[in-house]
Amino acid sequence: MNNNKTLLKGAILTALTALSAPVSALEKPQTMEDMWKIIQAQQKQIDEMKSGMPTAPVKTAGADVKTLERKTDVLSQEVEKLRTNLSIPDEVQYKSAYGLGPAASKVYQVGKGLSIGGYGEANYQARVDDQGGRDNKGKLKNPDNADLERLVLYVGYKFTDNILFNSEIEFEHASVEGSGNGNGDVSVEFAALDFFIDPIANVRAGMVLLPMGFLNQIHEPPFYFGNNRPEVERQIIPSTWREIGVGLFGAITPELTYTTYVVNGMDAADFSSAGIRSGRQKGAQAYAEDLAFVGRLDYTPTALPGVTVGGSAYLGNSGQNQTFANQQVDVFTQLYEAHVQWKYRGLEFRTLGSWGHIDDAGVLSAAKGQTIGEENYGWYSELGYDVLPLMFKNTTQYLAPFFRYEQMDTVASAPVGFSDDETKDRKIYQFGLQYKPIPNVVIKADYRNFTAKRGSVPDDFNLGFGFIF
């Protein structure tokens, strides 16, 4: 009998020692699978302890048994909390989803609740020549400069498996009006609700990124070459381009995806010889007298791993019921682009071409006092190769020299009665290095040579870094 009491006391003390550890000391699950393994192990421990309890009270150990029962109940409650806790984050895998960048896609990986991500980039730019002289205040028109170009937060919330919200809030140039240099800006780049209905057809509504080109949707710095985005994808395709709209997205087949929206149209009052970029309304009390349609298709054949072929189109009036040179015109605006991407081992190749047309460009030119192109075009090709695996077989780092060539003209065809602006007809040669010590961080160096059909444009050397999280 004394031996039984001694064994019972020893078992109780062992159990109490294990259970007296704070609940917070339990191994923190990193994924839902880990969480389920912990729940199963703890449940098994509870069941074993309960089955080992005496059915009749033992006088010498009664208090200890009651304590063990209380501790067991506490552990049961904590296990139940683990079981119902849906906010435990899975291990993040940075991959693009539904046309958005890898960091912007984090909300699609969570089980439920809040998701936070972001990116940033900073650079130093040295003008090499053709700085353009000085303005009437004695300042250089194109000085060397250093800039915290962007700091971005992605905030998403998954309400259910079928409804989620995702957004991008961008801080540009480190300060805003009234808080320093006043050169910066704070903008909502996108903010939309996704409603998942079927893989073939899902709904997105809110401020959306127009699905054109490579960089309008996926513009995080580790995923494009150079410190500056391609000029074709800034001036011809006016990224970052976002408007208020609603539309459908999905996969027609596993290889063929699409995105299509109806959005508010552009504002032709802000078109210029530099293109349609300033006509973006960015969701800021946007005129919606005229609407526009935008659609995109991408094909990724399984027979050609790493290859993507696609295109997109934008069509809509931009007049917004306004008058220009005492005329009310529609200013029907068209923009088309086609793109090809090939990623094979360390090789990355991209090429993109875009062409646009603006109706009533002559009326706009008369109203604005400058030549607004009736047609515009631009294209570029780039090639990079990760050379580190050639030297270090199992390295996870990345080092790629790259080259990009661009050609563009925002006044490819001048309206009748207006002269061509040959300063807008440009070619750009760019080469540089891209280094990633880890996939989330990139360090960049590049040189750009600009030439214009008439006039001069400064060349530049750029050094910078970027990151996502």
| message | Between Asp147 and Gln125, is the side-chain hydrogen bond (donor to acceptor under 3.5 Å, both in side chains) condition met? List the steps. | response | CA-CA 8 Å; Asp147 188 21; Gln125 183 178 64; over 6 Å; no
| task | Show your working on side-chain contact (heavy atoms from CB on, under 4.5 Å) between His339 and Phe214 and close with a plain yes or no. | result | CA-CA 8 Å; His339 54 265; Phe214 288 115; 3.5 Å; yes
| Stepwise, does the side-chain contact (heavy atoms from CB on, under 4.5 Å) test hold for Phe403 with Leu383? | CA-CA 5 Å; Phe403 174 77; Leu383 180 68; 5.6 Å; no
| task | For Glu220 and Tyr94, run side-chain hydrogen bond (donor to acceptor under 3.5 Å, both in side chains): C-alpha distance rounded to whole Å, both residues' side-chain angles, the deciding distance at 0.1 Å, then the answer. | result | CA-CA 12 Å; Glu220 296 160 4; Tyr94 289 97; over 6 Å; no
| message | For Met266 and Arg280: C-alpha separation, side-chain torsions, deciding distance, then whether side-chain contact (heavy atoms from CB on, under 4.5 Å) applies. | response | CA-CA 5 Å; Met266 304 187 84; Arg280 301 170 300 165; 4.1 Å; yes
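Although no hydrogens or angles enter the test, the distance criterion places no donor-acceptor pair under 3.5 Å between the side chain of Asn376 and the main chain of Asp409. In terms of modelled atom types and a separation under 3.5 Å, the side chain of Asn162 and the main chain of Phe196 share a donor-acceptor contact. Of the possible donor and acceptor atoms, one in the side chain of Glu406 sits under 3.5 Å from a partner among the backbone N and O of Val232. Remark: the backbone N or O of Asp421 is not paired with any side-chain donor or acceptor of Asp425 at under 3.5 angstrom. Proximity of a side-chain donor or acceptor of Lys444 to a complementary backbone N or O of Phe225 within less than 3.5 Å is not detected. Of the possible polar contacts, one joining the Asp446 side chain to the Asn227 backbone as a donor-acceptor pair under 3.5 Å is found. In this structure, the side chain of Lys436 does not engage the main chain of Val442 through any donor-acceptor pair within 3.5 Å. A donor-acceptor distance shorter than 3.5 angstrom exists from the side chain of Tyr258 to the backbone of Ile200, with no hydrogens or angles considered. Glu233 places a side-chain N or O within 3.5 Å of a backbone atom of Leu215 that can act as its donor or acceptor partner. A donor-acceptor pair is defined here as one N or O able to donate and one able to accept, closer than 3.5 Å; such a pair exists between the side chain of Thr351 and the backbone of Tyr380.
A distance of 5.0 Å separates CE in Met408 from CD in Gln235, rounded to the nearest 0.5 Å. Rounding to the nearest 0.5 Å gives a distance of 16.0 Å between CZ of Phe349 and OH of Tyr385. Between the CG atom of Asn264 and the CD atom of Glu243 there is a distance of 4.5 Å, given to the nearest 0.5 Å. Rounding to the nearest 0.5 Å places OG1 of Thr240 at 11.0 Å from CG of Leu210. The CD atom of Gln407 lies 8.5 Å from the OG1 atom of Thr451; values are rounded to the nearest 0.5 Å. Rounded to the nearest 0.5 Å, atoms CG (Asn449) and CD (Gln430) are 10.5 Å apart.
For residues 379-394, every residue pair satisfying the salt bridge (charged side-chain N to carboxylate O under 4.0 Å, His left out) rule, not counting sequence neighbours, is listed here: Glu382-Arg404.
Annotation: Phe431 is not in aromatic contact with Tyr429 [ring centroid separation under 6.0 Å not met]. Between Tyr119 and Phe223, the ring center distance fails the sub-6.0 Å criterion.
Taking a 6.0 Å sphere around CZ of Phe392, one finds it holds 12 or fewer heavy atoms contributed by other residues, nucleotides or ligands. By the neighbour-count criterion of 12 heavy atoms within 6.0 Å, atom CH2 of Trp355 is densely surrounded, having more than that number from other residues, nucleotides or ligands. The neighbour count for Phe159 CZ, taken as heavy atoms of other residues, nucleotides or ligands under 6.0 Å away, is above 12. For Arg454, the CZ atom counts as densely surrounded, since its 6.0 Å shell holds more than 12 non-hydrogen atoms of other residues, nucleotides or ligands.
The shortest non-hydrogen separation linking Ser273 to Val411 is O-CG2, 3.5 Å. For Glu121 against Pro221, the heavy-atom pair with the smallest separation is OE1-CB, 4.0 Å. Phe402 and Gln434 get closest at one heavy-atom pair: CE2-OE1, 4.2 Å. Residues Lys158 and Gly111 approach most closely at CD-O, 3.8 Å, considering heavy atoms. Taking each heavy atom of Glu189 and Leu209 in turn, the nearest pair found is O-CD2, 3.6 Å. Across every non-hydrogen atom of Ser354 and Ile237, the tightest pair is OG-CG1, 3.7 Å.
The aromatic rings of Phe469 and Phe467 sit parallel to each other, their planes meeting at less than 30°, with 60° as the upper class boundary.
At least one side-chain heavy atom of Leu248 sits under 4.5 Å from a side-chain heavy atom of Val203. Inter-residue side-chain proximity for Val246 and Val208 is flagged as unmet; no heavy-atom pair is nearer than 4.5 Å. No side-chain heavy atom of Pro222 sits under 4.5 Å from any side-chain heavy atom of Asn440. At a threshold of 4.5 Å between non-hydrogen side-chain atoms, the residues Trp241 and Val294 do not count as touching. Taking the side chain as every heavy atom from C-beta outward, Thr410 and Ile236 approach each other to under 4.5 Å. Residues Trp342 and Leu347 have side chains in contact (heavy-atom distance under 4.5 Å, counting atoms from C-beta outward). Counting only heavy atoms from C-beta outward, the side chains of Asn166 and Asp194 never approach each other to under 4.5 Å. The side-chain heavy atoms of Thr396 and Pro439, taken from C-beta on, include no pair separated by under 4.5 Å.
Residues passing the salt bridge (Lys or Arg N to Asp or Glu O under 4.0 Å) test with Asp460, sequence neighbours excluded: Arg448.
Applying the side chain to side chain contact (heavy atoms under 4.5 Å, CB included) test between Arg242 and each of Gln281, Glu168, Gln217, Met207 identifies Met207 as the sole match.
Salt-bridge check for Asp298 with Arg296: passed, with a basic side-chain N closer than 4.0 Å to an acidic carboxylate O.
For the pair Lys95 and Tyr108, the cation-pi test (distance below 6.0 Å, angle within 45°) is failed.
Counting only N and O atoms by type, the side chains of Glu337 and Tyr314 include no donor and acceptor under 3.5 Å apart. Side-chain contact, Tyr336 with Gln334: a donor N or O sits under 3.5 Å from an acceptor N or O.
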